Amino acid sequence: MELEGVIIDIDHVPLADRSIIRITLKSNSGVYSVLDKGFYPYFRLVPYNKNIDPASISKMSFRDMQQNQMPVHKVSKTRHSLAGKEVEVLKIEANSPRHIPEISRMLAEFGERYEYDILFWKRYLIDKQLNPLHGVSISAHDDDGILLLDSIKGLEEEYKLNKDLLQLCFDIETYNPAVVPRPDKDPCIMISYWIDGESGVLTTKKIDRKFVKTFATEKEMISAFMNLIKEKDPDIIAGYNSSNFDVPYLMKRAEKNGMSFRIGRYDEDIRQEHHGLVEAIRIPGRINLDIYNVARFVSIVGASEKLIKINRFTLSEVYRAITGDTKITVDKNNIWQIWDGTDSDREELADYSLSDSVTLNKLYEFFIALETETSKVSMLTLAENAVSTTGQLVEVLLMRYASDNEELVPNKPEQQEINRRMSNPIEGAYVKTPEAGIYDNIVVLDFRSLYPSIIIAHNIDPAAIAGPDESVYNEAPNGIRFRTKPIGIVPKALKKLINDRKEIKKAYKKDPDSKTLAARSSALKILANSFYGYLGYARSRWYSRDCAASVTAFGRSYITMTIDDAEKAGFHVLYSDTDSIFIQMQKKSKDDAISFLNSINAKLPGLMELELEDFYLRGVFVGKRGADAGAKKKYALLSEAGRVKIRGFELVRRDWSNIARTAQKDVLEAILKEGSKEKAMQIVKNVLDRLRDGKVELKDLIIYTQLRKDIDKYDAKSPELAAAKKAIEKGAKRKDEVQGATIGYIITRNGNTISEKAELDELADSYDPDYYINHQVIPATLKILKELGFTEEELKGGGVQKRL
DNA sequence: GCCGTAGGACTACCA
DNA sequence: ACTGGTAGTCCTACGGCG
């Protein structure tokens, strides 16, 4: 039979003598499971002795630790290129991926080993050139009720499912008399879900709510949840931090109840795997999607795309960030008391539980387009894409190009090599020091995708570095020479991403409401922007100090050339950072700026392009604290269209209080929009008065900071650390609640030093006006008012005493 | 012992 | 656990002073 569809999941099933690939395919006619017996896991060996006979390796006897035979399936000769040179390679196929580590170890004495750590199913996708969500076409036959694959290939046209992938969102509540729930002792008390518009709560006590179903035991409740999944057959199981909490917890509870928590499409256990630093949950035949990971990924990687900015990654904070609404909540530490409380307590708990799943579904709807489109670009399954870092996405993409080009995939570096790379960083971008001041009529120009376009224009690739005796090359400003051809896999991959994005943008213009097109464009940009970083990443397979240093050297050269030309043409350059240049127009017209832009573009190679970012009516640059020089990476602009663009100022930083941030924002806007010196001063005076009079709400005084390290591993004392430690001592927080978390604290009146005065936001009952005046509002606003000609004394004279 | 400050640890930002 | 460049806070150690 012939099948077309998207790959939901791909894994392998271990049989007695070998492992075979299994594909879970979703087609418009249903979900199919197809086995491919024609593919074997393998690694490659570059033998020290070229005359080594493949047959002799085939005949060797390999045994594992338990002395089980591990026959080699097949050994064949290939030719591959390695760092730009042709080499003879042996491809050694095994029967099971489990055999690869041992067989490759035993062959280490015969040569250099490569590609021994590429996962079996990933290898399959790469070698067969498949893109799971884009769609595949399969030819298979029925063998006693099992579908066996005859051939598979990727589809040219994207496969259109007539319905979106079906998601089930769920969340659990647990009994927690010890505050932190103990999976071996404390039962799961509620499971809430949302699927296809239907939502409900499964529980074990009678609760008077229509959406609640009550079961006699925890075991029956978990079984009912498993049955629900079986019956509704979702493609995606979405939770919030579910890979670390909900799923492992239910697995443990099921085990305690003498059963197995199985929610896949096959009668198999869920697999828990380490994936870099995150825990990955594999649900056979379905897609596990932990929205917590997704939100973090988008927030970190999508930052440049301005997708979202989230300060804290709790479910309710993320919900608030994307919808502006707040969700209902309960005191998490007291769930067990609520559960043991009154009927109405339990009704509220059920409402809360339900709201978590409903909320989660809204987050799912918000993130799924980008997640799906990133998967199509990375050509990984949705579940794998969701647990991958950008580094891993770039890596797997380059593996595909290496495979197409018959290049060996470089090995991952050993720890010693990683340390060596990290201790030797490269020089980065150029940043011009601005002159503090307030300027009118500014034009901002920037290079479109500077680093990707440099890599493409100059064929920057580890395998393209020319030797000293070669004559055809392009020399980077740092002296590294790159062959002009053949085109390396790094520029080749980038060019495809950039060309694809051009096409998508064209389509988007015709269909501006398409979320899919917008998300695909973002996904392409995120991937393209990660290549330079990957070249300089210490753990990268394609690390190349020379390449990364050449990219930034070219970058510095292009931007300084642009600055010099602008000045030669009579413009005043205010500021520049990496790929952008801020020009004060003075007597020049917009046409002059455009013709300058054109003159630069006329001499740029390839698809490199300087773009007009925007014209601005006014801009503010401030001085560095305690120095004459202007501060870099800090500016505020007002565009002709009335858009305010603010970068770097305290008001965009979460580790400043709301009161200081708001005051700074109001001052900047008063200057930008109204040019009013007096109004700016009045804003600050009002805030200082309110602070002194104790009229400011505590919530506007919270300072948020992440405790990035283990709480005992800090060398330095800090207010946030002191506040966290005090909360732990009081028993208000557990270590694991604050470690790695973004905590909020307030400087109170109790104590002498700032650290002594710091208390977690929920524990603080006063604030120290002196601190907020002299350490928050004044530093944030004074440097701006200074540019208006005010002095510190005038500000203080406006009603502030420095002394208590 | 008090004061001012250089320098380290740390975080969050820009590109 | 993609890069480097940067500002800024808080704290501590240190040196000068008396």
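Because the structure is predicted, anything quoted here is derived from the model rather than measured. Residue numbers start from 1 in every chain, and the chains themselves are labelled A, B, ... in the order their sequence lines are given, proteins ahead of strands.
Residue Tyr575(A) is classed as having no contact, given no heavy-atom separation below 4.0 Å to the nucleic acid. Heavy atoms of Lys783(A) sit under 4.0 angstrom from primed sugar atoms or phosphate atoms, though from no base atom. Residue Ser755(A) is in sugar-phosphate contact alone, with no base atom involved, counting any heavy-atom pair closer than 4.0 Å across all strands shown. Within the 4.0 angstrom heavy-atom criterion, no nucleotide atom of any strand lies near Val394(A). Residue contacts shown for Tyr771(A) are limited to sugar-phosphate atoms, with no base heavy atom under 4.0 Å away.
Side-chain contact between Ile498(A) and Pro452(A): present, with at least one pair of heavy atoms (C-beta onward) separated by less than 4.5 Å.
Distances from the side chain of Pro719(A) to the nucleotides dA15(B), dG8(C), dC10(C) place dC10(C) closest. The nucleotide whose nearest atom lies closest to any side-chain atom of Ile754(A) is, among dC13(B), dC10(B), dC10(C), dC10(C). Looking at the side chain of Asp715(A), the nearest of the listed nucleotides dC11(C), dC14(B), dA9(B) is dA9(B).
Atom CG of Asp710(A) has more than 12 neighbouring heavy atoms from other residues, nucleotides or ligands inside a 6.0 Å radius.
Taking the six-membered ring for Trp and the full ring otherwise, Phe582(A) and Tyr635(A) have centroids separated by under 6.0 Å.
For the side chain to side chain donor-acceptor pair (under 3.5 Å) with Glu650(A), the lone residue among Lys634(A), Gln776(A), Arg661(A) that qualifies is Lys634(A).
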Subject >> Contact letters for nucleotides 1-6 of chain C, in which S counts primed atoms plus P, OP1 and OP2 and B counts the base, heavy atoms under 4.0 Å >> reply: BBBBBS

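Taking the ring centre of Tyr704(A) as origin, the terminal cationic atom of Arg654(A) falls outside the region bounded by 6.0 Å and 45° from the ring axis.
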